[in-house]
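Report on one structure; see the data block that follows.
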Amino acid sequence: RQCAAHITTKPVAFCVSALSDQVWFGSRDEIVVVDPTTFKCVGEVRGYHTNSVFALLPTRTTDGRTFVWSGSFDLSVCVWGVDPLPPKLL
């Protein structure tokens, strides 16, 4: 088997979540956002979680806004506004 793309910018991805035009990776203490068509990093979030990000959940409101919820082993939950990038903590 072959891998379509090997992204090696971060050492570990504990969780992955897909939006229509973004793929989010939760790693040790940050979140990395990748464009799935180019496999390039389009956003990084650091300094909010102090331990591994183990959960990512994309949600869309009835008016079309998109948010991603992130959960960490530091016992925190963050909600991120994703339009436009980079992600912003709400």
Side-chain angles (χ1 to χ4, degrees):
R1 295 184 176 174
Q2 290 185 321
C3 180
H6 188 71
I7 301 168
T8 59
T9 58
K10 303 298 167 203
V12 176
F14 292 110
C15 57
V16 177
S17 186
L19 297 170
S20 60
D21 59 347
Q22 303 166 2
V23 178
W24 287 52
F25 294 90
S27 66
R28 294 187 187 204
D29 60 356
E30 67 183 330
I31 299 167
V32 177
V33 184
V34 174
D35 180 326
T37 59
T38 64
F39 304 106
K40 295 195 187 263
C41 178
V42 294
E44 292 186 41
V45 178
R46 295 182 188 179
Y48 294 95
H49 292 299
T50 59
N51 205 324
S52 300
V53 177
F54 67 88
L56 293 166
L57 175 68
T59 59
R60 192 170 307 253
T61 62
T62 55
D63 62 359
R65 294 179 297 151
T66 303
F67 301 95
V68 174
W69 295 65
S70 61
S72 170
F73 282 115
D74 65 7
L75 305 179
S76 67
V77 173
C78 294
V79 181
W80 306 95
V82 300
D83 295 317
L85 285 172
K88 293 178 184 70
L89 182 65
L90 301 179

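These figures come from a predicted structure and were not determined experimentally.
- At least one side-chain heavy atom of Cys15 sits less than 4.5 Å from a side-chain heavy atom of Val53.
- The minimum heavy-atom distance between Ser17 and Pro58, with the atom names listed, is OG-CD, 2.9 Å.
- Residues Phe25 and Glu30 fail the side-chain proximity criterion, which asks for heavy atoms closer than 4.5 Å.
- His49 and Gly71 make their closest contact through CE1-C, 4.4 Å (heavy atoms, listed as atom of the first residue, atom of the second, distance).
- In terms of heavy atoms, Phe67 sits closest to Gly81 at CD2-CA, 3.9 Å.
- Grouped with Phe73 in one hydrophobic cluster are Phe54, the linkage being side-chain heavy-atom contacts under 4.5 Å among Ile, Leu, Val, Met, Phe, Trp and Tyr residues.
- Tyr48 and Asp74 make their closest contact through O-OD2, 4.1 Å (heavy atoms, listed as atom of the first residue, atom of the second, distance).
- Taking SG from Cys78 and CH2 from Trp69, the interatomic distance works out to 10.5 Å, rounded to the nearest 0.5 Å.
- Residues forming a side-chain hydrogen bond (donor to acceptor under 3.5 Å, both in side chains) with Thr62 (at least two apart in sequence, or on another chain): none.
- For Arg65, the salt bridge (Lys or Arg N to Asp or Glu O under 4.0 Å) criterion is met by Asp63, not counting sequence neighbours.
- Under the side-chain contact (heavy atoms from CB on, under 4.5 Å) test applied with Val68, the options Val45, Leu57, Leu19 reduce to a single match, Leu19.
- Of the possible polar contacts, none joining the Ser27 side chain to the Ala13 backbone as a donor-acceptor pair under 3.5 Å is found.
- Scanning all heavy atoms of the two residues, the minimum distance from Gly26 to Leu56 falls at N-CD1, 3.6 Å.
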